Amino acid sequence: MSTTDTGKGTAAQDDSTAVRDDSELGAAGSQLSTAPREDAPNLPSLGVIGWARWFWRQLTSMRVALLLLFLLSLGAIPGSLIPQSGTDAMKVEQFAQDHPTLTPIYEKLGLFHVYSSVWFSAIYILLFVSLIGCIVPRTWQFVGQLRGRPPGAPRRLTRLPAYTTWRTEAEPEQVREAALTLLKKRRFRAHTAGDAVAAEKGYLREVGNLAFHIALIVMLIAFAWGQLFKSEGNKLIIEGDGFANTLTQYDDFKSGNLFSNDNLNPFSFNLKDFKGTYERTGPNRGTPRTYEADVTYSEGADGKEKTRTIEVNEPLKIDGSNVYLVSHGYAPVVTVRDAKGDVVFSQAVPMLPLDSNVTSSGAIKVLDGYTNAQGQKEQLGFNAFFVPTFAGAGQGEMLSQFPALDFPVLALSAYHGDLGVNSGLPQSVYQLDTKNMKEFKDSKGELFKQRLLPGETMKLPNGAGSVTFEKDIKEWAGFQVTQQPGSGWALAGALAAIFGLAASLFIQRRRVWVRATAGPGGVTVVEMAGLGRSESAKVPEELGDLAAVLYDTAPGARDPDAELEPDSEAEARATTAEPDAKPEPEARSSEAEAEADAKASEAATTPDPQAVPAEGAEKK
């Protein structure tokens, strides 16, 4: 009975000693990162403040931040696959026609405007708050570490992952002074703490980690700023025409929620000439080689006129606005005369391309000034198809064979009556509403239509007038004018995030201790040990290099007991090195020792008085 009790008592004493020894390593191995301590879940039992603190801890934890990032990525998927009303309203309408069952569901979920929906904004804001709630205290903690000193050496350096020792005849003070000089020369932050020198290196790892998270915040702010204050408008301009940057000049315009018309930059430009060249032969026949728009522009109301050529991906940049060349087409010049032969319409009519060979369609609308053969006022409308290179009569339908003006043909079908422009309802200038129109009939009683070559004239039935396809065929260019504030900050944040992430991945923060104490026989026992945040061959290698240099300064002394056979591995490691043999550090990476070190860090209750308070395990 007594024997059993004694055994239990001995085991308890051993456990107490192990915990006391492990606590030393826990103090020395702490603060290798700026991550806040992650305590065990301790839900508050009472009070709103307790629940608020618990919610704040969860929101600023790494697991919640990763979850929010994952949700943000998932939320961006429907924004890429489903047409968005802010980007292309026509595709949204077409989707609604093709999917009448899904459309109401998508509208309730906000899938047609994902990036401005409530749920996407909530994820975005929560992620933003989570990052700030983690970075601010972590930054202050890191600043405190920079102002402090590396923690003192633990009592048992043999428990560290990399360790070496030898005996020397040099005095302990000389060894410590040499070690301090050596470590500072190798860019360690070092100081003498008791009978040992404590040093630390690799602070750029934490700097990179913090820079990465701060860069994410900068990117989030830049993206939000750009979405709230952005503007984007499109304008089709025919050669010889111009544009002034006012809201009424745009064909279509959309902007962020906080954008104001006063934010439009004052400038104007004129399209002088458009040049387009295409591949004539080979498998890429018809592919554009160059698209160039020669413009003259001026900044402000009284700015000096300048010339510039705008090309694809080479926009005109004016005071924060970018003018991009985005499309191209043809605008045949058409002249319409009434029954008396008077000109009632004469201008270039832009046609919208339908394919890569610029087969185009459009509408010609004569709104005012036309009278028919009976003297009655009417409106005329013509559905128009234009091909820059026609295959020839009997060679097929109105489909272009090449995008250049090799064989231009204009096909018209004629209507008369009411175009419906006075109804107050908006309508496209490129489409003809024939609901209140009557067809001109040919001799067979069918819709009157005709193909025209440049210079040819189509006579309307019953002397109703004529339409002439002029030889002058102009080209038009489509421009997109954008203002995207915050794009420079977003780019800077992205670059900073890349460099910060690289620093946090490839730079290792590590600590080195050198202890020199007086040993038996008048010799000095030198111990060197290293510790890093993770198992790496770099710590033992670096420690070996430092030990080799320090060994040259404090060479080993001969041990009078060197002939004795060591009884155990522990005694063998403590055996004095031969004078001509430099110490080699021993690296430990077994799972058992890693687990023991982890337990030691958790069980740290009586840290070394010379050590800096522990900071806890990394969360983020």
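Since the structure is predicted, the reported quantities are computational estimates derived from the model, not experimental observations. FYI, the numbering just counts along the sequence from 1.
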So, [X] side chain and [Y] main chain: donor-acceptor pair closer than 3.5 Å or not?
X: Gln84; Y: Ile82; answer: yes
X: Ser321; Y: Lys317; answer: no
X: Ser61; Y: Leu59; answer: no
X: Thr389; Y: Phe402; answer: yes

Closest contact, heavy atoms only, Thr60 versus Ser130 | CA-OG, 3.9 Å
Going by side chain to side chain contact (heavy atoms under 4.5 Å, CB included), [X] matches just one of [options]. Which one?
X: Arg337; options: Thr457, Leu460, Thr468, Val467; value: Thr468
X: Phe382; options: Lys365, Met458, Lys449; value: Met458
X: Phe479; options: Asp251, Ile310, Leu236; value: Ile310

State the [atom1]-[atom2] distance between [X] and [Y], to the nearest 0.5 angstrom.
X: Ser231; Y: Gln483; atom1: OG; atom2: CD; value: 4.0 Å
X: Asn270; Y: Thr296; atom1: CG; atom2: OG1; value: 4.5 Å
X: Leu354; Y: Ser361; atom1: CG; atom2: OG; value: 4.0 Å

Taking only residues two or more places apart in sequence or in another chain, which ones pass side chain to side chain donor-acceptor pair (under 3.5 Å) with Asp241?
-> none
Before accepting this row, confirm whether a basic side-chain N of the pair [X]/[Y] lies closer than 4.0 Å to the acidic partner's carboxylate O.
X: Asp406; Y: Arg280; value: yes
X: Glu439; Y: Lys441; value: yes
X: Arg285; Y: Glu279; value: no
X: Lys272; Y: Glu239; value: no

Mind checking whether [X] and [Y] have ring centres under 6.0 Å apart?
X: Phe274; Y: Tyr291; answer: yes
X: Phe95; Y: Phe112; answer: yes
X: Phe499; Y: Phe212; answer: no

Evaluation steps, side-chain hydrogen bond (donor to acceptor under 3.5 Å, both in side chains), between Asn245 and Tyr250 | CA-CA 8 Å; Asn245 192 28; Tyr250 286 98; 2.4 Å; yes
Does Tyr370 OH have over 12 foreign heavy atoms under 6.0 Å away?
-> yes
Within a radius of less than 6.0 Å around CG of Asn462, do more than 12 heavy atoms belonging to other residues, nucleotides or ligands occur?
-> no
Should Leu452 and Leu412 count as side-chain neighbours, where that means a heavy-atom distance under 4.5 Å?
-> yes
Could you label the plane-to-plane angle of the His328 and Tyr330 rings as parallel, tilted or perpendicular, counting under 30° as parallel and over 60° as perpendicular?
-> perpendicular
Keeping to residues at least two apart or across chains, list the side chain to side chain donor-acceptor pair (under 3.5 Å) pairs with something in residues 110-123.
-> Ser117-Trp119
